[in-house]
Amino acid sequence: MAANQTLYVNNLNDKINVETMKKSLKEVFAAFGGIIDIVAMKSLKRRGQAWIIFKETSAATNSLKSLQGFPFYNKPMRIGYSRSKSDVVAKADGTYVERPKKIVKREDLRKAKAASAAAPAAPAPSFAAPPAAGPAAAPSIVQKNIQDRIGWNPNQTAAPVAAAAPKTMGNVNAEPNKTLFVENLPVESTETMMSMLFRQYPGFQEVRTIPGRNVAFVDYQNEYQAGMAMQGLQGFAMTPEVKLLLTYAKK
DNA sequence: AGCACA
């Protein structure tokens with residue numbers, strides 16, 4: 001695949017509103033260089049994909065390498081170079097030619113209808129019973145899980161994705177906030193471990209654990225970055241039984 | 001799975 005200043009990203013979570021998705025993508029990819037635009041659409045043929053248009057091909061290459069397989073809204077991103085030059089880029093270098101409007105064929109309409117009818121309804125929020133209580137987790141499990149997570153090899157194709165987020169929010173406060181409220185911390189987790197885990201996400205400031213309580217607060221520079229960390233680590237399995245529960249802190 | 005440009 002030839003290098004291109006535009007990246008093609010797929011396997012994106014299409015349950016996420018496209019505008020939110022574009023903002024979140026910008027948060028992560030902008031760390032690698034200037035972004036001209038992000039194109040993402042929600043139609044049947046185009047959902048779950050996005051084009052990240054960088055100012056520089058080098059930035060595209062760096063982000064491709066380091067974000068390949070990055071767990072994003074619970075799905076590992078698959079990233080490649082775009083097959084063609086983006087219109088904005090072609091317009092800038094004077095090579096843009098008007099593309100003929102495509103005709104939507106009757107057959108395509110039929111297919112689209114069939115596909116949406118076959119699409120399963122969104123799963124109900126899971127209140128699944130916790131896994132059978134096995135032997136008490138050794139203290140090292142939490143550490144190991146975190147190390148596995150932060151030592152995540154960017155070149156692997158199948159990234160270890162956090163367990164599906166339990167949508168059983170104890171805290172109904174959905175108001176975005178640059179501070180995250182973390183629940184379900186196993187007793188053996190330490191502030192150092194927590195910061196290792198949360199530091200992977202851009203904008204990380206600090207973790208504040210609350211003595212005697214299995215909760216913590218994690219600060220980011222802004223609420224988008226906090227949102228990124230929340231999506232990335234939601235349901236993270238600290239032990240096979242204990243999964244992190246993340247919400248925005250109350251303002 | 002699907003490479004667009006509203």
Q) Which residues satisfy the side-chain contact (heavy atoms from CB on, under 4.5 Å) test with R199(A), sequence neighbours excluded? A) S195(A), F204(A)
Q: Compare side-chain N and O positions of R46(A) against OP1 and OP2 of dC5(B) and report whether any pair is under 4.0 Å apart.
A: yes
Q: Scan Y96(A) against the nucleic acid and name what it touches under 4.0 Å (heavy atoms): base, sugar-phosphate only, or nothing.
A: nothing
Q) Rounded to the Å, how far apart are K22(A) NZ and dC5(B) P? A) 12 Å
Q. Does NZ or CZ of K178(A) come closer than 6.0 Å to the centre of the six-membered ring of Y220(A), within 45° of the ring's axis?
A. no
(Q) In this structure, how many angstroms lie between the C1' atom of dC3(B) and the CH2 atom of W51(A), rounded? (A) 5 Å
Q. Separation of I52(A) atom CD1 from dA4(B) atom C1', in whole Å?
A. 12 Å
Q) For residues 40-64 of chain A, which residue pairs qualify under ring pair (Phe, Tyr, Trp, His ring centres under 6.0 Å), counting only residues two or more places apart or in two chains? A) Y8(A)-W51(A)
**Q.** Side-chain donor/acceptor contact of S84(A) with base of dC3(B) under 3.5 Å
**A.** no
Q.
What is the separation between atom CE on M41(A) and atom P on dC3(B), rounded to the nearest whole Å?
A. 12 Å
Q: Classify the nucleic acid contact of K91(A) as base, sugar-phosphate or nothing, counting any heavy atom under 4.0 Å across all strands shown.
A: nothing
Q. What integer distance in Å separates L12(A):CG from dA1(B):P?
A. 14 Å
Q: Using modelled atom types only, decide if a donor and an acceptor are shared between the side chain of E191(A) and the backbone of T209(A) within a distance under 3.5 Å.
A: yes
(Q) Between dA4(B) and S86(A), counting only base atoms on the nucleotide and side-chain atoms on the residue, is there a donor-acceptor pair under 3.5 Å? (A) yes
**Q.** N10(A) CG - dA4(B) P separation (whole Å)
**A.** 13 Å
Q. With a non-hydrogen cut-off below 4.0 angstrom, is N11(A) in contact with a base, only sugar-phosphate, or nothing?
A. base
Q) Starting at NZ of K45(A) and ending at P of dA1(B), how long is that distance when rounded to a whole Å? A) 14 Å
Q: Nearest whole angstrom, please: distance from the P of dA4(B) to the CG of L25(A).
A: 18 Å
Q.
Checking contacts here: which listed nucleotide (dC5(B), dC3(B), dG2(B)) is nearest the side-chain heavy atoms of R83(A)?
A. dC3(B)
Q: Establish whether M41(A) and I38(A) are linked, either directly or via other cluster members, by ILVMFWY side-chain heavy-atom contacts under 4.5 Å.
A: no
